[in-house]
Colleague: 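Questions regarding the structure given below will be posed in turn.
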Amino acid sequence: MTSRAESQQSHYSRRRSNTAQSILRPMPSQATPLKYGDFKVFNSWVHDTKESSSIIFNQSWWPGVAEGDMLRIIGSNSGPESSFLFIVPRDDGCAKHQLQISIPKPIAEAFHLRNNSEVTLTKVDRDSCGADYIELVFQDQYLGRNVMWRLGKDLVGRCVYVGQEVNFVGNIVAKIQCIYIEGKTVSTACITPSTRTIYRSLSAKVTIFIQVCRELWEFAGDGERYYEKIVHSFLPALFTKWRETGTNHTVTIVLISRVFYEESEIDYAAGPLRQDDYGKWYKDFFKVITDLEIIHEWKPSLVSLKDSFWDFQRDILLTHHYHQSNQDFGMGPPAQVRLIGRISFAHDGPILEALNLGLNPTETHYIDRSLSLTGTMIVLVTPGTGYFKVSKHLLRLTTTRLLDQGFGIDLVSLAKPPLHQSPIFSFQGMEPDVKSGVEGKLGPQSFDPLWGNVDEKAEEDPNSRKTFWWEPFWLSITFWDKQMDLPVREDRFIGRAKMHQIQMLGLLELDVLSSIEVPFMPDPLESSIGPSGEDVGDVAPSKLDAEKFDTDIFALKPESKISNPARNSITSLNNTTTNAAPTRAEKRSSHRNSVLPTRIDPIEESPKRIIIDLPNDDTPNKIPSTLAVSTLSTSPSQSSIRSLRSNLSIGSPKTPRNSQPSSSRGTLVSKLAPSWLFNPFRSGPSEPQASQISVSASPSTPITPTPAQPLPRTSSPIRMPTPSKPTVAQVSRSPLPVAIKNQPMSRSGISRTYEEDSLMPHRASFVRRSPINTPPRDEATFGKRRSVASIHTLPTSSLPVVCNPSQPQSSVPHTQSSLARRWQHMFPQVLHKYEIKWKALSVPVCLPLTVEHFPSHSELELSYDVFSYDFVVDPSEMRSFLVNPPTIQGSSDDLRRAWALVVMRGMAAVRLAQGFQFVVRGENKNGGEVEERVGPVGPKRGKSLLNGEDLTPRPLGSSDVLRSTLDPVYLSMTNEIHRISYTGEAIQVRRYVRRMAPTKPFHYQCLMWPKLGGGYTELSTTFSSYGLENYGWNRLDMLVAGYEHHFNESLRYWRTRFIVIPTAEPLSSTTGPSGENFNEEEMRILGIEKLAEQFTKLRWQPAEEKVTHPAPPVRLLHTTLGPAVSVRDAALMDQLDQIHAAGPLRKKVKSEREIVDMSLAAIAKAMREEDGVPIKNYHWHRSHYANSFIGYDFVSWLVREFRDVSSRSQAVEWGIKLQEQGLFEHCRGYHNFLDGHYYYRLKGENIVPTTPTNKRWFSRYTDDNLRPGSGYYPSSAPRPKNPSPRRAKKRIILSQSMVIDIDPNKKSDQAESVVLHHDIIHNPGTVFHFELQWLGTTARCIEDLIRQWSRLIERHGLRLVEAYVTQINDIRDRNAFQSCFPLRLAIPPPIVMDLEKKVPEGTHTTQYFEYALLRKFGYILDVEAAGLYPEQAEIFYSYRRSAYKYSQFVHRSGAAFVQVLGGSQGFIFLTNRLMGPGRMGTTLKNKEYRPGALAEEIRLDLHRFVSNKVALQKFYDDEVDKLGRGLDEPPPLSI
């Protein structure tokens, strides 16, 4: 056998027979290790994942394979692109010797491998197969950033493939959608520590803003109106993409618009009028089309949207003022309703205001935290080109808030891409004071017009302000120019500017097009035009020539950078007019001059009245040397307008100042400057470039106004210059918008019309002084510094970069690149700027966990303040429920170090949850570190601020963070960096906070039409930036370490309120635990008790405390009284005090009693002792039980008092025996002894009656001053105040809180704890409340727990529903687009004299009829108004932050809430948007369950009833009749 084996040693690559002899022969003792590229063919099988989730490989079939080798598997019929990888595990032998390789079923299905097929295994280099990026998608869950970090660490070292489902904490949490290596997608790769993980959510909260402006009703180039493009093409395409992707987004769609008013219209246009930076009056209008809805069928929404477009102008220009006048006059319609106001153009729209309204609810995303939604996406749809005029204050605030919240905005433009940078903002501001910035050490941001400090009082003066350009790096633009009826051709010319005036003329009225001709390109062989300017021929350029020409024109040139201040150039402005046409015609007989006749105005996108000041010719030194620009762009669209004229010339920087402008001779570029005319629009990477163009500008009468002096108004927006002597303007190489000064000439009808309709005010110069020219976040250059030197040397990087929308800079200013790099690790591939980004619009991406940007040493010294604190690591004192204690055995130093590591990880996790990112080091293509990009520059480090410490972040990726306590961890946010390190005894936290001028709140008023509204209502709100600079980090870290044990309101902890509602459906079973029959009420009480048992079971305590001081079981007090009345029940309050004072349920220390030895009389006597069983008078519904006790109390007493009763179950057995022996009986005679809220009384000779302290069983009011007016209704009148304010109020605590461990089976790799707050007193006829609060806990564990609880109580007739944390009346404060629907009563409730004498005891007479009406429609009480509680009592719920102003009810379905306003005001209604398909409360429903549709039916039913006078009057009469007859005694209840 040995010789046989040896004879076959050289044939291992040959396929063997599956015989026992061939299998059992020994392998060679030493095999040669495999080399990269070695391969072998194997026979593969497929196995189920239950057998093994990994690949089973019999290594004996391939000698040389070693543990850790990476092998690539390719099917026999597959290519390399459909291969997958696996790492060879340790060789433990294979049970099936004939098996060669077996593949799990999911992998086989993904790569189309069949059972018993051949596969090729190849050894590959592990380093070359490491993924740079992987993209994970997930749905219907909340994936916190802490979970993302742990999931990423869990994946390191694993081979993954596209389509693979990722398991974490025992659940499938995500699916791998894409894998990238060096920018290319691959099918499989290995996850390394440096792999960046991108998380995309299929279930996000999406807000779509649609701008309604004047352009919306204009025609696009393909004949469609812009609003038709929205309804007919863009939104259907977007929703179709969502459906194909399988998304489940919660969508809000809002129309936004701004209306301007003339001075004469202000008085009539009453309301929230505001004034912009240009002194114009306006009002902003918002109309909500869909409100937090999951759109499955989008057609009804589109129909509603189209109807809103039709009605929109009438609503805001006419109907709104009609209703306003009605309110002002009070009676009848006004004498005359006027149509006033004009809708703004796109660039004047309330863009930032809408974004901030959308940011308000996301800023507090941790409140009412949905467990099935992750991520936020805001889409802005506009018919404009992406240029907007904004407020500097609001732009600064918006940028700060977006950076803090960590997501960008998607802008969808329905226009064609313009010839300038887009998106682009312009704002009015002042130059920052550079001197004060340097002296105050404010760093590079102090030089920026947006961020720098300026004199606010001086900035309020409109004459001292200038116009700056700013490109938002947080705004990603997509141009939707899909032509529905035209085929796409690459060589088709596409107009890049709207020619509205020429389009409207028509060829029959005036043959305009014959006078417009575009010059052709020269012969490709001729590189330039000679001095004589010979004709170059009529040969049309090829596409290659056209693209080369465009590349030459639009490429970045050195001239576009900051020029030397001493080297100002002079540009000659060639003034060639129609008089020069004959001369040129002689030289170029085949061409006409392509200059518009002077009677025709140039074409504009939107009529604008623009006048821009030129500097005085005699004061050139006053012009900042770095600010002058030569582009004629007065607005982003103007350069493209003026470039229609083909006689423009490029200014030569070498032209002497006193030289005359040259004639028509020039370079090819000067003749063909408007090269975009040849350029069919194509997607290009990153920045669209524009050429440097100068236009003749020479009025016959020189005008040299100062900046404070506005120029006289010209007769039309833009005029062609008249023949006159050219003038010379002084400019520098950097492009500066230069005004065109025209001599007024006679108006044409068209120009006069458009001028009068123009809303554009006079503006000062449009110099863009902001250095913010960062490309948008989706470009190829995003997040990459173009010049390291310019970044780390403050003097050059901080100088104001002068740029222009039509002349982009070649370098990104450090101020903006450092902020924009927050999203750096979001883009694995280079994206083209203007392509349609379907992935971003369909599956929004979450903020990356890592960032590479780290400030330089000089910037830290100059721009940051340092705060530090530390705390000692003392394992004996740490009692943290947020981290798991380490299980290490060793010295005290080892234990302290292990504790420090878990605490530091917990500190990093809670910072991640607040939006921080790990600072990691980058890698260049050669694998080396890029120290200059992520750390301080060079070896020169001072010791003044940083103590000589090495501040270079060391981790390669997030999974590398906190492997040990040796390396500090750096976490970064917008304006703050945290450094957490361990010093050997203490954990030190050092905070670097950027010095910045505080961003003031922005107060805003607008008009809002909510989804369920009937018109526009005024809304006042404040936009504020809640940065983390003043966050209580020290307290949070103490909480993580275990020195603190309570959440503080300032900690921004996650919270969700749940309510348990008794359902209306009949119960499937009414059998109790002991086989007895229960009624519905008893079954509900049993269900709540089961829930309380779960609370007790999961209660968390430190290990040693569990032994020494075990917590008592959770006890609930049951009553039939309402929340406000129950606090007056003396017996109930006594029980409440006992619960708060109760210690652990343990034996008395001196207890020697044994119940076996005691007689019934002795037991009865012991029960009546001072610390015996509470025997009192109890009240249930309208029945009274004198001298009775509760079964729960009796069981607790037996366990505590007798040493031979060790458990509650044993105590129940004794209770049953004692009842059978005749010691006591059930008060109603229905039940045997039960451990619960059941009433029993002593029997026979053991009865000892007690004397009642009050004649009445139930005392309602003990103080006449607190008695509400008898018989008076409505009782919404103010109640008498306490006449003696000195009397101390009694504090009544009606809730309990505890920490519960929601991962008892320890599936998770971290501590999974939440703080639970729950009611103590429970009425089975109302709802039971509990709230969960957490920091960094895995949401999937919480969701699993809630589902488990929901299933537990549903069979007891209870439903678990997520509810709003605050009262619904305050919902608009957090989300302006959500609003309550008013339900006014057609007839106010009647006033009944002596009402309180006609109702049962314990019944509130306040709003008696409203309560009865809501009960009729299936509502039950949620929370009672604070004003209904006794004034001498201070009511406290640990989970309520503020008192409820009105009583709140919830529908039994959980789909809607109602608050009772009282009187004729009736109610306000709100749909419960926290309840969606597949969420809590719908566990047993299918996915087709639509709670939103159900809520609408509920609302309509109630609305129809309260609006019907006849039905309402009949209801009142019936209720009054019931009062007159007196209420019958209800059937006896068995409780």
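Along the sequence shown, the residues carry numbers beginning at 1.
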Colleague: Which heavy atom in I181 sits nearest to a heavy atom in A131, and how many Å separate them?
Modeller: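 For I181 versus A131, the nearest heavy atoms are CG1-CA, 4.0 Å.
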Colleague: Are a donor atom and an acceptor atom from the side chains of E1312 and T1337 found within less than 3.5 Å of each other?
Modeller: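 No, T1337 and E1312 have no side-chain donor paired with an acceptor closer than 3.5 Å.
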Colleague: With the side chain counted from C-beta on, respond yes when L136 and T197 share a heavy-atom pair under 4.5 Å apart, and no when they do not.
Modeller: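 Touching, per the 4.5 Å side-chain cut-off.
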Colleague: Measure the shortest side-chain to side-chain distance between L85 and Y161 over non-hydrogen atoms and say whether it is less than 4.5 angstrom.
Modeller: no
Colleague: Is there a donor in the side chain of H825 and an acceptor in the side chain of E852, or the other way round, less than 3.5 Å apart?
Modeller: yes
Colleague: In plain terms, say whether R1347 and D1344 are close enough for a salt bridge, that is, a side-chain N and a carboxylate O under 4.0 Å apart.
Modeller: no
Colleague: Please check if the side chain of T120 supplies one atom and the backbone of K40 the other of a donor-acceptor pair under 3.5 Å.
Modeller: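 Judged by distance alone, no pair lies under 3.5 Å.
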Colleague: Out of V843, N248, V173, which residue meets the side chain to side chain contact (heavy atoms under 4.5 Å, CB included) rule with Q139?
Modeller: N248
Colleague: Under the 3.5 angstrom rule, does the side chain of Q917 hit a backbone N or O of P848 as a donor-acceptor pair?
Modeller: yes
Colleague: Do the non-hydrogen side-chain atoms of W823 and L847 ever get within less than 4.5 Å of each other?
Modeller: yes
Colleague: How close do D132 and G183 get, heavy atom to heavy atom, and via which atoms?
Modeller: OD2-N, 4.5 Å
Colleague: Are side-chain heavy atoms of V206 and T250 found at a separation under 4.5 Å?
Modeller: no
Colleague: Less than 4.0 Å between a side-chain N and a carboxylate O, is that true for R158 and D154?
Modeller: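 Yes, this pair counts.
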Colleague: Scan side-chain atoms only and decide if Q1310 and D1303 contain a donor-acceptor pair under the 3.5 Å cut-off.
Modeller: no
Colleague: State, yes or no, whether a side-chain contact exists between Q100 and N58 at a heavy-atom distance under 4.5 Å.
Modeller: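 They are not in side-chain contact.
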Colleague: Quick test of your reading: applying side-chain hydrogen bond (donor to acceptor under 3.5 Å, both in side chains), list the pairs with at least one residue in residues 46-57, sequence neighbours left out, ordered by first then second residue.
Modeller: H47-S102, S52-S54
Colleague: When you check the side-chain N and O atoms of R72 and T122, is any donor under 3.5 Å from an acceptor?
Modeller: no
Colleague: So, do V162 and T188 sit near enough that their side-chain heavy atoms are less than 4.5 Å apart?
Modeller: no
Colleague: Do L373 and Y142 touch side chain to side chain, with heavy atoms closer than 4.5 Å?
Modeller: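 Answer no - side chains too far apart.
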Colleague: Does any part of the side chain of T376, heavy atoms only, come nearer than 4.5 Å to the side chain of H365, both counted from C-beta?
Modeller: no
Colleague: For Q1094 and W1349, which heavy atoms make the closest approach, and how far apart are they?
Modeller: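 In terms of heavy atoms, the two residues are closest at CB-NE1, 3.6 Å.
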Colleague: By ring-ring contact (aromatic ring centres under 6.0 Å, His included), which residues pair with Y133, not counting sequence neighbours?
Modeller: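 ring-ring contact (aromatic ring centres under 6.0 Å, His included) check on Y133 returns nothing, list empty.
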Colleague: Has the side chain of W45 got a donor or acceptor atom that lies under 3.5 Å from a matching backbone atom of I101?
Modeller: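 No; zero donor-acceptor contacts below 3.5 Å.
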Colleague: Would you please say whether a donor-acceptor pair under 3.5 Å links the side chains of T192 and S194?
Modeller: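 Yes, S194 and T192 have a side-chain donor paired with an acceptor closer than 3.5 Å.
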Colleague: Working to the nearest 0.5 Å, report the span between OG1 of T1056 and CH2 of W1334.
Modeller: 3.5 Å
Colleague: Show the nearest heavy-atom pair for residues T850 and G957, with the distance to one decimal.
Modeller: CG2-C, 4.4 Å
Colleague: How close do L371 and E1343 get, counting heavy atoms only, and between which atoms?
Modeller: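 Answer, listing the atom of L371 first, then E1343: O-OE1, 3.5 Å.
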Colleague: Does F168 have R150 sitting over its ring (NZ/CZ under 6.0 Å from centre, angle to axis within 45°)?
Modeller: no
Colleague: Please confirm whether F42 and W62 have ring centers closer than 6.0 angstrom.
Modeller: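 Between F42 and W62, the centre distance is under 6.0 Å.
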